[in-house]
J.: 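Encoded as structure tokens, here's the structure I'll be asking about.
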Amino acid sequence: MKKLIFVTGGVCSSLGKGVAASSIGALMEARGLSVRMVKIDPYLNVDAGTMSPYQHGEVYVTDDGAETDLDLGNYGRYTHSPLSKVNSITTGQVYQSVINKEREGRYLGRTVQVIPHITDEIKARVLAPGKDPEVDITIVEIGGTVGDMESIPFLEAARQMIHELGRQNALSVHVTLVPAVSGGELKTKPTQHAVKELQEVGIQPDALVIRAAEPIDEGMRRKIASFTNVEFEGVISGHDAKDTIYELPLLYHSQGFDTFLLKKMGIESRHADLREWIEVVRKYREPKRRVRIGVVGKYMELNDSYKSIWEALSHGGIANDAAVDPVKIDSGRLEEAGAEGGVDMAKIFEGIDGILVPGGYGQRGSAGMVKAARWARENKVPYFGVCLGMQMMVIEWARDVLGWEDADSSEFNQDSAHAVVSLLEDQVDVKSYGGTQRLGKSESALKAGSLIRKIYGADIIWERHRHRYEVSNQFRADLERSGLHISALTPDGSLVEAVEWPDHPWGLGVQCHPEFKSRPVQPAPLFKSFIGACIKNADA
Ligand code: GLN
């Protein structure tokens with residue numbers, strides 16, 4: 001029998017439901033079970049592709065090119081659940097498909113309603129990823145907070161599924177908060193109310209993950225258990241991790257959470273094999289050294305905008321027994337560098353061991369990124385360009401080495417005679433924004449003798465993509481003739497996938513997003529190598 005675990009949140013948003021759901025997934029895998037992860041986002045956008053990173057953080061891209069919520073990135077870092085379009089459900093998708101079916105006459109003249117038509121559509125979508133015979137458990141995270149209007153149909157679908165499948169086959173885990181008031185006293189009232197709210201929609205939680213700054217002691221867990229009708233063993237202290245969020249699977253396990261969930265579902269399994277997680281946490285706790293990486297981007301105010309970049313950098317760090325201290329540098333601040341009243345580049349980059357320019361869209365801040373690339377190239381500081389960061393390497397090179405002062409991306413300047421980054425001819429007329437980029441998994445052929453070839457140890461690799469503009473083939477020969485190494489192409493040779501600086505310790509840009517595949521237990525090769533180069537630079 002396949003099992004479902006619904007993960008909901010109460011009290012307020014941003015309690016870390018995604019990491020909680022992921023950690024439960026990691027624990028189930030440690031027990032030898034096969035899990036699938038599903039995220040429900042109750043917004044009307046069909047996907048996250050058109051959402052500003054300021055609104056909703058990073059857009060996470062799956063192999064099949066779905067543009068999804070960043071929680072799918074957490075699932076990818078903690079579990080082996082395949083992630084694709086079916087693992088991300090939004091209100092927009094659900095309504096779109098129900099309305100399409102209605103227009104096709106498939107409801108045979110019936111009145112189409114939220115219950116049962118929308119809820120049936122939700123149920124079918126929740127069950128779809130777990131259809132594969134090998135799957136044991138599907139973990140379904142319902143975004144938002146219980147009590148929001150938007151999530152009502154999803155909670156109703158969850159209630160029906162728990163009722164229909166039976167409590168042993170569909171569990172509810174509710175993530176809540178125990179805040180401290182002035183004086184430090186912990187308050188359980190918000191949790192009481194949050195559970196009541198869940199009970200009001202007909203769902204009795206089987207387990208509670210209690211978020212708090214400090215561990216929740218046994219007395220308080222007993223108290224919470226008694227007023228929520230949750231068994232004591234199911235009340236888990238989900239206090240803040242001290243060193244790394246990758247401690248959570250171990251923290252839950254130490255309280256018997258996995259044993260409790262398996263008992264509830266009637267699943268017999270092997271003992272938890274948590275060796276990988278123990279090793280990861282040990283490395284985070286005892287780094288042999290630290291490195292400082294300057295990340296020059298434009299969405300710096302919101303930490304979540306570059307979520308997978310921060311994570312991949314830290315994975316690259318532990319692969320080198322080092323802790324990474326990221327230094328956020330708003331590219332806008334560098335635009336006036338050198339000019340009167342502008343910042344001093346040497347001051348900004350003082351004590352920084354390497355520079356990374358991540359992905360991004362739009363002209364604002366781009367001049368600052370070009371300056372960061374020039375600084376890194378001239379001063380031989382390790383530089384890693386990811387997507388837009390690679391395009392910036394090409395623009396900087398064309399301006400300085402080829403002497404084309406107007407070199408640019410046609411994304412920023414449509415009138416440049418040297419649009420070294422531009423749209424492909426067949427793309428020029430694209431009017432729609434949702435899903436019109438080069439999205440998802442695709443291959444790159446790595447050139448013999450290149451740094452990237454050495455790093456991956458393979459001729460053909462694949463990574464995920466999300467971008468619209470490409471290095472222009474019109475100028476490829478000029479770029480190469482002037483010494484820029486074009487070190488990876490699509491296997492058909494039509495598109496540039498990576499560039500490298502000559503005579504530089506580590507100057508590499510890729511058009512893809514290697515950060516999306518990085519896991520703490522399997523750091524992305526490029527991040528591992530980049531941090532290694534930054535350590536060397538620090539020691540030089
Ligand atoms: N704006 C650039 C493009 O669309 C880069 C995109 C990105 O960095 N993800 O090609």
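We count ligands from 1, going down the list as the structure has it; atoms in each ligand are counted the same way.
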J.: Tell me whether the centres of the aromatic rings in Trp375 and Tyr383 are closer together than 6.0 Å.
T.: no
J.: Decide whether Ser314 and Tyr284 meet the rule of one side-chain donor and one side-chain acceptor closer than 3.5 Å.
T.: yes
J.: Write out each pair where an N or O from ligand 1 and one from the protein are under 3.5 Å apart, with the distance.
T.:
{"residue": "ligand 1", "atom": "1 (N)", "partner": "Gly360", "partner atom": "O", "Å": "2.9"}
{"residue": "ligand 1", "atom": "1 (N)", "partner": "Glu411", "partner atom": "OE1", "Å": "2.7"}
{"residue": "ligand 1", "atom": "1 (N)", "partner": "Glu411", "partner atom": "OE2", "Å": "3.2"}
{"residue": "ligand 1", "atom": "4 (O)", "partner": "Arg468", "partner atom": "N", "Å": "2.9"}
{"residue": "ligand 1", "atom": "8 (O)", "partner": "Gly360", "partner atom": "N", "Å": "3.0"}
{"residue": "ligand 1", "atom": "8 (O)", "partner": "Leu388", "partner atom": "N", "Å": "3.1"}
{"residue": "ligand 1", "atom": "9 (N)", "partner": "Tyr361", "partner atom": "OH", "Å": "3.3"}
{"residue": "ligand 1", "atom": "9 (N)", "partner": "Arg466", "partner atom": "O", "Å": "2.8"}
{"residue": "ligand 1", "atom": "9 (N)", "partner": "His513", "partner atom": "NE2", "Å": "3.2"}
{"residue": "ligand 1", "atom": "10 (O)", "partner": "Gln391", "partner atom": "NE2", "Å": "3.1"}
{"residue": "ligand 1", "atom": "10 (O)", "partner": "Arg468", "partner atom": "N", "Å": "3.1"}
{"residue": "ligand 1", "atom": "10 (O)", "partner": "Tyr469", "partner atom": "N", "Å": "2.8"}

J.: Could you tell me if Lys536 sits above the aromatic ring of Trp506, with its cationic atom closer than 6.0 Å to the ring centre and no more than 45 degrees from the axis?
T.: no
J.: Going by the salt bridge (charged side-chain N to carboxylate O under 4.0 Å, His left out) test, which pairs reach into residues 495-511, not counting sequence neighbours?
T.: Arg438-Glu497
J.: Charged N to carboxylate O under 4.0 angstrom, Asp353 versus Arg292?
T.: no
J.: Parallel, tilted or perpendicular: which one describes the rings of His467 and His465, with boundaries at 30° and 60°?
T.: tilted
